[in-house]
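In what follows, a structure is listed as structure tokens, so that the remarks can point back to it.
What you see is a predicted model; the values in this text were computed from it and never measured. Basis for what follows: all heavy atoms, side chains included, without hydrogens, waters or symmetry-related copies.
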Amino acid sequence: NSTQNSPHKIFIGGVPSYLTEPQLRELLVSFGALKSCNLIMDSATGLSKGFAFCEYLDPNVTDVACAGLNGMLLGDKKLVVQRASVGAKNGQGQAPVQLQVPGLNLAQGAGVPTTVLCLMNMITPDEVQDEEEYEDILDDVREECGKYGIVVSLEIPRPIRGVDVP
């Protein structure tokens, strides 16, 4: 049962490998009746690849389900749940938020390769207030990135009291 492309198609990432499609459906139907659900499997191993797609019969459920499921912990995994369609409209008829990074113009294409990696939306401002937690996050990110090469420098900006950053 494949999930066709539509503005209401939902991507579900971070699905634990032990979760079966019927178990995933059971979780998803708590928000409403499903039109389709498709847990993506590795054809070579027969195991879950850790992501799925679904669509609800009632399109008005899409954003409610995304909000309710996104960030949910299942075992040691955190679900990432969002509309799958690039450029899809949300329920209010507004375009999704576009990535805005100073100096980065995606309209010009990828550009010249660099050694800089910018990771977005990994933490909340509250998580970096505490010095010990901030150091733990730095260590964790350095360790994960270090699996792919030498980390020359790592910066995680911290909020400054009284200064609003967009």
With a 6.0 Å cut-off (strictly less than), is the heavy-atom count around CD1 of I150, excluding the residue itself, greater than 12? no
Counting only N and O atoms by type, is there a donor-acceptor contact under 3.5 Å from the side chain of Y56 to the main-chain atoms of L28? yes
Neighbour count >12 (heavy atoms, 6.0 Å) for atom CD, E26: no
Can you list the residues that meet the side chain to side chain contact (heavy atoms under 4.5 Å, CB included) rule with I123, with sequence neighbours excluded? E127, V128, I137, I156
By side-chain hydrogen bond (donor to acceptor under 3.5 Å, both in side chains), R158 pairs with (sequence neighbours left out) E131
Salt bridge (Lys or Arg N to Asp or Glu O under 4.0 Å): which pairs involve residues 72-81, sequence neighbours left out? none
Are L57 and I12 connected in a single hydrophobic cluster, I mean Ile/Leu/Val/Met/Phe/Trp/Tyr linked by side-chain heavy atoms less than 4.5 Å apart? no
Which pair of non-hydrogen atoms, one from N70 and one from L79, has the smallest distance, and what is that distance? OD1-O, 3.5 Å
State yes or no: do L39 and L34 share one hydrophobic cluster built from I, L, V, M, F, W and Y residues joined by side-chain heavy-atom distances below 4.5 Å, directly or via other members? yes
Pair L138-D140, side-chain contact (heavy atoms from CB on, under 4.5 Å): steps then yes or no: CA-CA 6 Å; L138 278 173; D140 290 347; over 6 Å; no
Between CD on residue Q82 and CG on residue L69, distance to nearest 0.5 Å: 12.5 Å
Sorted by chain and residue number, the side-chain hydrogen bond (donor to acceptor under 3.5 Å, both in side chains) partners of E133 (sequence neighbours excluded) come out as none
Is there a donor-acceptor contact under 3.5 Å from the side chain of R83 to the main chain of P7? yes
Decide whether M41 and L24 are clustered together by the hydrophobic rule: side chain heavy atoms of Ile, Leu, Val, Met, Phe, Trp, Tyr closer than 4.5 Å, transitively. yes
Do V64 and M72 sit in one hydrophobic cluster, given that two such residues count as connected whenever their side-chain heavy atoms are within less than 4.5 Å of each other, even indirectly? yes
May I have the list of side-chain donor-acceptor pairs in residues 43-55 shorter than 3.5 Å, sequence neighbours left out?
unit_1	atom_1	unit_2	atom_2	d
T45	OG1	L47	N	3.1
S48	OG	G50	N	2.9
E55	OE1	S6	OG	3.3
E55	OE2	S6	OG	3.1

Test side-chain contact (heavy atoms from CB on, under 4.5 Å) applied to V15 and L27, step by step: CA-CA 12 Å; V15 178; L27 173 65; over 6 Å; no
By side-chain hydrogen bond (donor to acceptor under 3.5 Å, both in side chains), which residues pair with D58, not counting sequence neighbours? N60
CA sep, side-chain torsions, deciding dist, call: C145, L154, side-chain contact (heavy atoms from CB on, under 4.5 Å): CA-CA 10 Å; C145 291; L154 174 64; 5.8 Å; no
Do L19 and F31 land in one hydrophobic cluster if side-chain heavy atoms of ILVMFWY residues count as linked below 4.5 Å? yes
Could you go through the salt bridge (charged side-chain N to carboxylate O under 4.0 Å, His left out) check for R25 and E21 one step at a time? CA-CA 6 Å; R25 282 177 173 274; E21 189 168 305; 3.8 Å; yes
